[in-house]
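See structure below.
Both counts, for ligands and for their atoms, begin at 1 and track the order of listing. Heavy-atom basis, side chains included; hydrogens, waters and symmetry copies ignored. What you see is a predicted model, and the numbers here were worked out from it, not measured in a lab.
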Amino acid sequence: MNLFTQETVILWLRVAVTLSNTEPTAELVKLSTVDSLIVPCHQSVTLQCRISTLQEGLSIYHLAWVLQDGKYLCDVNATGVMRTHPGNTPSAIECSYTPQTQLSLTLLQVQPLEQGKYLCKLRSSHGVKVTTTTVKLQGCYREAQPSVSDEGPTCTFTEVYPDGEVHWFQGPNNVTGDPKIKTKQVKDGKFLTITSSLNRKTVSGEGAYNCSLWIPSTGAYLTSSLVPEHGEARVEGPNANGAGAIGSVWKTFLVLLSTLFLV
Ligand SMILES: *[C@@H]1O[C@H](CO)[C@@H](O)[C@H](O)[C@H]1NC(C)=O
Ligand SMILES: *[C@@H]1O[C@H](CO)[C@@H](O)[C@H](O)[C@H]1NC(C)=O
């Protein structure tokens with residue numbers, strides 16, 4: 001173990017020495033970005049492009065965050081004025097610029113279509129540079145809705161990304177192979193709604209059912225949900241609250257309306 005660590009250190013030293021030896025002269029200007037970012041769906045992410053220079057007097061002619069297809073997202077011109085081009089991505093973006101130092105691009109709610117390469121490009125008195133950050137989405141879902149009816153248990157997973165499968169468990173047993181399981185997927189835009197039902201009467205005392213969302217491309221379970229025992233089916237998740245909020249807005253509106261009529 002110790003030997004291995006020492007070897008690794010020596011190897012790293014060699015790599016470092018080789019790198020500094022092969023570099024003929026220090027670069028006049030450098031751009032640095034993160035190679036890749038893995039982001040949960042619906043969340044924001046900030047891509048930073050830092051400029052560094054060893055020589056005085058850097059003049060920036062053009063600095064930009066650009067999509068692979070050449071569409072601009074943010075750019076700074078020779079006079080130092082920054083512009084944001086919001087129409088070029090499906091979700092909202094924000095840009096910020098610290099003169100001579102950094103251009104940041106924020107994708108406010110990353111969607112599947114926004115995965116890919118983002119290029120930071122610089123034209124300056126000290127040369128032309130390009131660096132790239134690759135944005136990838138993590139597997140995600142919005143809600144898990146377990147329920148039970150006379151037919152048996154059902155689980156619905158909404159806004160799933162990427163493609164997933166539902167595996168069923170009863171207590172510790174994997175019952176995914178049961179021929180009475182029916183799973184269907186409905187595509188809503190770039191996301192999937194996956195509904196899986198097991199046509200099997202639930203007898204209390206036999207052990208509760210549990211449905212798990214498996215994402216083949218990541219080789220992992222994203223979530224799992226325990227189906228309530230017969231008779232206590234309910235829907236959980238943010239939507240239930242959302243519906244309540246809308247209800248109270250209506251109530252306020254009706255109260256306001258009735259006060260108007262009373263006056
Ligand atoms: C459950 O069964 C399915 C189908 O046979 C299988 O693909 C999956 O890996 C199993 N999961 C576990 C945790 O055993
Ligand atoms: C459901 O079953 C899986 C596989 O056995 C297990 O890892 C998970 O913790 C269970 N989830 C619940 C909510 O019981």
(Q) Distance under 4.0 Å to a non-hydrogen atom of Y221: what atoms of ligand 1 satisfy this? (A) 8 (C), 10 (C), 11 (N), 12 (C), 13 (C)
Q | Partner of V160 under side-chain contact (heavy atoms from CB on, under 4.5 Å), chosen from T223, T193, I215 | A | I215
**Q.** Side chain, backbone, both or neither: F169 near ligand 1, heavy atoms under 4.0 Å
**A.** side chain
Q: May I ask you to identify, for W214, whether its side chain, its backbone, both or neither come under 4.0 Å of ligand 1 on a heavy-atom basis?
A: neither
**Q.** OH-CG distance between Y97 and L63, expressed to the nearest 0.5 angstrom
**A.** 6.0 Å
**Q.** Main-chain N/O of G207 paired with Q170 side-chain donor or acceptor, under 3.5 Å
**A.** yes
Q: Within a distance under 4.0 Å of any heavy atom of N174, pick out the atoms of ligand 1 and give their elements.
A: 1 (C), 2 (O), 3 (C), 8 (C), 10 (C), 11 (N), 12 (C), 14 (O)
Q.
Ignoring hydrogens, what is the shortest heavy-atom contact between E114 and S91? Give both atom names and the distance.
A. OE2-OG, 2.8 Å
